[in-house]
Amino acid sequence: MTTLDQPTATVVVGRDRPVRRELGVANTLSHGFLLLWGLLTVLPLLWMFISSFKTNGEILSDPWGLPGALHLDNWARAWTGAHIGRYFLNSLVVVTGSVSLTMLMGATAAYVFARYEFRGRQIVYYLFVGGLMFPVFLALVPLFFVVRNAGLFNSWAGLILVYAAYSLPFTVFFLTAFFRTLPTSVAEAALVDGCGHFRLFFRVMLPMARPGMISVAIFNFLSHWNQFLLPQVLLQGDDSKWMLAQGLFALSVSQGYAGDYARLFAGLSIAVLPVLAIYVAFQRQVQAGLTAGQLK
């Protein structure tokens, strides 16, 4: 028995060693790739922030060096002189309205698709999901005429409705899968206790779907905040209603002739700060929302 068991143990150990070496090489390559990707992402942002505190002369003469002093007036000139502050508040109002409308409509539709059986449910669901494959570029011309004929052209209300419409497919797709992971016993117990369907959704199921709601809301916020094409088409003429992306584009064009690059970098930094703040504040919630369905 001893002579037979010893070669078997030797063979097993011999087989484990190459697997461990392969896993070690794969981990090293993956960590190296992630490190490289992190540097490519962080370094341009860091250079932009540092340049926003320099003078124009320092940016042109020593673009990779540190500023001799912190010139906070660059941020003040970008906020007031370039009207970045006004565009920032405009974007905040529109994005808040569009994300709220998207989450309300998307959550109710996703809950119905996930929890109720009715004729044509799959057809309607696939129509929603099919919107994910429809690029916005193909709809710009008809969208322009639809919004103009509806009397919503050059208005925040029209832009909010368009933002919500283009965010609904992803929201419904994500939240439908998330609502299906929630325990059915809790909903049945609430119905037995006399809770109606409307109250069941807002008082019971919606709080349970909080991680998924936060994740989708953050993705929609980032998408709406960085949107440039739709505001450029639907908001024309009156620059007092422009979004932040439009204001930054106008600032970059004008600074190409004026040479005030310090104010341009300050404006870009102001636009990036909310995105970074939201990511840092809700990083754990996003990860929990993306993995909650798999863990259950």
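The shown structure was predicted, so the numbers you read here are calculated from the model rather than taken from an experiment.
A cation-pi arrangement, defined by a distance under 6.0 Å to the six-membered ring centre and an angle within 45 degrees of its axis, is absent between Arg180 and Tyr116.
Heavy atoms from other residues, nucleotides or ligands lying under 6.0 Å from CG of Leu36 number more than 12. For CZ of Arg121, the number of neighbouring non-hydrogen atoms (other residues, nucleotides, ligands) closer than 6.0 Å is greater than 12.
Taking hydrophobic clusters as Ile, Leu, Val, Met, Phe, Trp and Tyr residues chained together by side-chain heavy-atom distances below 4.5 Å, Val172 does not share a cluster with Ile123. Tracing side-chain contacts under 4.5 Å through hydrophobic residues (I, L, V, M, F, W, Y), one never reaches Met48 starting from Leu39; they form parts of separate clusters. One hydrophobic cluster, built from ILVMFWY side chains closer than 4.5 Å, cannot hold both Leu40 and Leu34; they sit in different ones. If you chain together hydrophobic residues whose side chains sit under 4.5 Å apart, Leu127 and Tyr166 never meet in one group. No continuous path of ILVMFWY side-chain contacts below 4.5 Å connects Ile50 to Leu70, so the two sit in separate hydrophobic clusters.
Aromatic pair Phe179/Phe113: ring centres not closer than 6.0 Å. For an aromatic pair to be called close, the ring centres must be under 6.0 Å apart, and Phe153 with Phe144 satisfies this.
For the pair Asn74 (side chain) and Ala266 (backbone), a donor-acceptor distance under 3.5 Å is absent. Between the side chain of Gln246 and the main chain of Phe228, no donor-acceptor pair closer than 3.5 Å is present. Side chain of Asn226 to backbone of Leu222: a donor-acceptor contact under 3.5 angstrom is found. The backbone N or O of Asn90 lies less than 3.5 Å from no partner atom in the side chain of Lys241, so there is not a single donor-acceptor pair. Side-chain atoms of Ser223 do not come within 3.5 Å of backbone N or O of Phe219 as any donor-acceptor pair. Formation of a donor-acceptor pair under 3.5 Å by the Trp47 side chain with backbone atoms of Pro63 is found in this model. Proximity of a side-chain donor or acceptor of Lys54 to a complementary backbone N or O of Gly65 within less than 3.5 Å is detected. Side-chain N or O atoms of Ser155 include one that pairs as donor or acceptor with a backbone N or O of Leu152 at under 3.5 Å. Between the side chain of Trp156 and the backbone N or O of Gly97, no donor-acceptor pair lies under 3.5 Å.
The side-chain heavy atoms of Phe88 and Pro274, taken from C-beta on, include a pair separated by under 4.5 Å. In this structure, Leu60 and Tyr261 have side chains that are in contact, with non-hydrogen atoms separated by less than 4.5 Å. Taking 4.5 Å as the limit, some side-chain heavy atom of Phe49 sits within range of a side-chain heavy atom of Ser269. Between Val95 and Asn220, the closest side-chain pair of non-hydrogen atoms is not below 4.5 Å. Using a 4.5 Å heavy-atom cutoff, the side chains of Met103 and Leu175 are in contact. Met243 places none of its side-chain heavy atoms less than 4.5 Å from the side chain of Gln227. At a threshold of 4.5 Å between non-hydrogen side-chain atoms, the residues Phe173 and Tyr125 count as touching. Side-chain contact between Tyr163 and Pro231 is present, with heavy atoms from C-beta onward closer than 4.5 Å.
Residue Tyr87 is tested with Leu251, Leu92, Asp239 for a side chain to side chain contact (heavy atoms under 4.5 Å, CB included); the sole match is Asp239.
Under 3.5 Å, the side chains of Thr184 and Arg115 contain a donor-acceptor pair of N or O atoms. No hydrogens or angles considered: a donor-acceptor pair under 3.5 Å links the side chains of Ser98 and His224.
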- Task: Go through the steps for Leu268 and Ser52 under the test side chain to side chain contact (heavy atoms under 4.5 Å, CB included), then give the verdict.
- Result: CA-CA 9 Å; Leu268 293 173; Ser52 67; over 6 Å; no
Working for side chain to side chain contact (heavy atoms under 4.5 Å, CB included), residues Thr55 and His71: CA-CA 7 Å; Thr55 62; His71 297 276; 3.1 Å; yes
Q | Worked verdict on Leu229 versus Phe137 for side chain to side chain contact (heavy atoms under 4.5 Å, CB included) | A | CA-CA 9 Å; Leu229 189 59; Phe137 303 98; 3.4 Å; yes
### Task
Applying side chain to side chain contact (heavy atoms under 4.5 Å, CB included), run through Leu230 and Leu140 and close with a yes or a no.
CA-CA 8 Å; Leu230 290 176; Leu140 286 179; 4.1 Å; yes
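Closest approach of Ala107 to Leu206, counting heavy atoms only: CB-CD1, 4.2 Å. Between Phe178 and Ala209, the shortest heavy-atom distance links the atoms CE2-CA, 3.4 Å. Looking at every heavy atom in both residues, Thr102 comes nearest to Ala164 through OG1-CA, 3.2 Å.
Between Tyr111 and Phe201, the two ring planes are tilted [angle within 30° to 60°]. Relative ring orientation between Phe198 and Phe202 is described as tilted, the plane-to-plane angle lying within the 30° to 60° band.
Within the structure, salt bridge (Lys or Arg N to Asp or Glu O under 4.0 Å) contacts touching residues 264-276 (residues at least two apart or in different chains) do not occur.
With sequence neighbours excluded, the residues forming a side chain to side chain contact (heavy atoms under 4.5 Å, CB included) with Arg210 are Ile214, listed by chain and number.
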